[in-house]
S.K.: 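Pasting in a structure now, in structure tokens, and then I'll have a few things to ask.
The chain is numbered in sequence order, starting from 1. Predicted model, so just to flag it, every value in this text is computed and none were measured.
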Amino acid sequence: MEIDDTKENNGSTPRRRENSLHLSPVLPEASGFGLPYAPVDWPKKGDIWAWKVGRRVAITGHFLDRYLYPPKRLQKLVDSGRKRGLASKLSVERYVKLAFPDADINAFFASFSWKIPAMKHSLTNVARAFFAAPPDERAEVLVSDPQSDGLACKAGNKKCNSLFAEAECPSLVPLPCDLCCNEPRFCRDCCCILCSKTIDLKHGGYSYIKCEAMVNGYICGHVAHLNCALRSYMAGTVGGSIGLDAEYYCRRCDTKTFLVPHVTTLLKTCESIDSRDEIEKILNIAVCILRGSQKSNAKGLLNRIESAIKELKCGTSLEDIWKVKETDTVMSTDIFHNGNGELGPTNHQDLVDDKSCLEAVLSVSSDYRSEYLKIECEIDQVLQSLRKAQESEYKIAEEQLCSQKVYLRHLYQQLEKERSELPDRSSGNEADASLNAVLSRVNQIKYEVMRLKEMEEVANGFGRTPKGVLKEYFGLEIED
């Protein structure tokens, strides 16, 4: 590639030439069809390929993330490039060889420019220094930069996940974002979407959560501090319109992430830490996430964590804390059976000596998994019954309230008609009768409006509505 340093175009990087193609710099997340960044008339005349770039820019001024899309008629040949595009030269080469075994791959790449230059304001400071330096000193700029592999973080974070993202999973294309990601110092990979400050990777990055939801073939990828999410009521158990239960709600893509697996990871992280203060800090975050959850696995995990915090404050050694927790996980099988359905060995003799305790143990089925499944099934049935009961109550309330609404509308229409007929009455008796009818209709409307207000008390739920109201307006007999 040759660089033309003689002029610049609208604040962009210098125009480049490659294979006689004039390469105009483009904005982040730009897209287009055909030359100079995608093939034209290949493999047949009229076939026009599409291209798209991401947001990351190399220090040499071209986009790190660029995608190639085959023409529509070719997309069904190989499914790999249909949804997310071909994200690397290797994937393009594989596609071409698979779809057109006899094609000249070198001629294919020579027909367009794979590298796409970025507009000047999209470049990193190192990239600007690269172009500002004389040609014979540009190599020194590359060597002196600790990110000389070409990766860059908009927030200037040298430990940013984006520096390693492409090597780890090159097929995941980030969700286009023209909101927070348009901010000059915001990086979706290492900046909290709620406070915009960088995340901390200490102890495996326990303090943040990454949204890995797939949205229309793209990965969201935005991160948030757990503390920020908890303070913003976007994590943990939250009622209202969001309705979270030990979950995280991503503000960018409106997707919920179940947090129990994340808390389990936090617990494992604590077992490898020697600092009691750090362990307590992590466990407190876990408690905030799980507190109030109605999920059985979240409740069990919360009990385990709260027990660990108590022992931590009592000065129990870290080794003993985690050892006790490991014992809890297998306690059921140790007590109730030893592989043949009988009581466990003599280390539970104290329990056997107490007759009442022994009877309590024998009264419980040895197949605890089966018992647990029965309990889980019962809970599901209760919840389904509750939902059906609530739906039934809703239908009753809807029917009666709508009926009252229609009746009031009829009364208002009658009142309007009777009022319009008042001036037409000439004799005194007729005028008095019409006026009395109007006044009577007004009183009737007031009475029905009062009845409607009483009916509206069901908004608090049938259980909190006075029994007299339920009986009179909804025909429900509630026993004491």
S.K.: Which distance, rounded to the nearest 0.5 Å, do you find between the CD1 of Ile209 and the SG of Cys250?
M.R.: 10.0 Å
S.K.: Could you check if a side-chain atom of Asp245 sits within less than 4.5 angstrom of a side-chain atom of Thr237, using non-hydrogen atoms only?
M.R.: yes
S.K.: Hey, are Lys281 and Glu278 close enough for a salt bridge, meaning a charged N less than 4.0 Å from a carboxylate O?
M.R.: yes
S.K.: Run the numbers on Val26 and Tyr37 for side chain to side chain contact (heavy atoms under 4.5 Å, CB included), then give the verdict.
M.R.: CA-CA 11 Å; Val26 302; Tyr37 304 127; 4.1 Å; yes
S.K.: Between Leu86 and Tyr67, does the side chain to side chain contact (heavy atoms under 4.5 Å, CB included) criterion hold? Intermediate values first, please.
M.R.: CA-CA 5 Å; Leu86 303 166; Tyr67 312 97; over 6 Å; no
S.K.: Does the ring centre of Trp51 sit less than 6.0 Å away from the ring centre of Phe63?
M.R.: no
S.K.: Ring-plane angle category for Phe108 and Phe112, please: parallel below 30°, perpendicular beyond 60°, tilted otherwise.
M.R.: perpendicular
S.K.: Below 4.5 Å, heavy atoms only, C-beta onward: do Leu266 and Ile305 meet side chain to side chain?
M.R.: no
S.K.: Would you say Arg94 and Leu98 make side-chain contact, with heavy atoms under 4.5 Å?
M.R.: no
S.K.: Nearest 0.5 Å, please: how far is CZ in Arg185 from OG1 in Thr198?
M.R.: 10.0 Å
S.K.: Measuring only between side-chain heavy atoms, which start at C-beta, is Ser275 closer than 4.5 Å to Ile273?
M.R.: yes
S.K.: If you compare all heavy atoms of Leu302 against all heavy atoms of Arg291, which two are closest, and at what distance to 0.1 Å?
M.R.: CD2-CA, 4.0 Å
S.K.: Might you point out which heavy atoms bring Gln404 and Arg451 nearest each other, and give the distance in Å?
M.R.: NE2-CB, 4.1 Å
S.K.: Are Arg252 and Cys211 side-chain neighbours, meaning at least one heavy-atom pair lies under 4.5 Å?
M.R.: no
S.K.: When Leu194 is tested against each of His225, Arg231, Met234 for side-chain contact (heavy atoms from CB on, under 4.5 Å), which residue passes?
M.R.: Met234
S.K.: How far does CD of Glu454 sit from OH of Tyr473, to the nearest 0.5 angstrom?
M.R.: 3.5 Å
S.K.: Is there a side-chain contact between Val92 and Trp114 (heavy atoms, below 4.5 Å)?
M.R.: yes
S.K.: Which one of Ile282, Asp277, Leu283 satisfies the side-chain contact (heavy atoms from CB on, under 4.5 Å) criterion with Ile279?
M.R.: Leu283
S.K.: Can you measure from OG1 (Thr255) to CD (Glu247) and round to the nearest 0.5 angstrom?
M.R.: 11.5 Å
S.K.: To the nearest 0.5 angstrom, please state how far the NE2 atom of His62 sits from the OG atom of Ser113.
M.R.: 9.5 Å
S.K.: Any side-chain heavy atom of Lys256 sitting closer than 4.5 Å to one from Leu244?
M.R.: yes
S.K.: Can you name the closest pair of heavy atoms from Ala246 and Ser293 and give their distance?
M.R.: CB-OG, 3.9 Å
S.K.: Got more than 12 heavy atoms from elsewhere within 6.0 Å of CG, Asp274?
M.R.: no
S.K.: Supply the atom-to-atom distance Lys268 NZ to Trp322 CH2, rounded to the nearest 0.5 angstrom.
M.R.: 10.0 Å
S.K.: Yes or no on side chain to side chain contact (heavy atoms under 4.5 Å, CB included) for Leu301 and Leu267, after CA distance, side-chain angles and deciding distance?
M.R.: CA-CA 9 Å; Leu301 193 56; Leu267 205 55; 4.0 Å; yes
S.K.: Without swapping roles, check the side chain of Thr316 against the backbone of Leu312 for a donor-acceptor pair under 3.5 Å.
M.R.: no
S.K.: List the atom of Glu280, the atom of Lys313, and the distance in Å for their closest heavy-atom pair.
M.R.: OE2-CE, 3.3 Å
S.K.: Under 3.5 Å, side chain of Lys405 to main-chain N/O of Leu452, donor-acceptor pair present?
M.R.: no
S.K.: Which atom pair, heavy atoms only, marks the closest approach of Leu401 to Val458?
M.R.: CD1-CG2, 4.4 Å
S.K.: Can you find a heavy atom in the side chain of Pro466 that is under 4.5 Å from one in the side chain of Glu457?
M.R.: yes
S.K.: Does Cys181 offer a backbone N or O that forms a donor-acceptor pair with the side chain of Arg188 under 3.5 Å?
M.R.: no
S.K.: Specify the closest pair of heavy atoms between Cys220 and Leu175, including all atoms of both residues, with the distance to one decimal.
M.R.: CA-CB, 4.0 Å
S.K.: With side chain to side chain contact (heavy atoms under 4.5 Å, CB included) as the test, would you mind laying out the steps for Leu290 and Val260 before giving the verdict?
M.R.: CA-CA 8 Å; Leu290 300 177; Val260 168; 4.1 Å; yes
S.K.: Whether the side chain of Lys52 engages the backbone of Tyr69 through a donor-acceptor N/O pair (distance < 3.5 Å, no angle test) should be reported.
M.R.: no
S.K.: Is a side-chain N or O of Thr269 found less than 3.5 angstrom from the main chain of Thr265, in a donor-acceptor match?
M.R.: yes
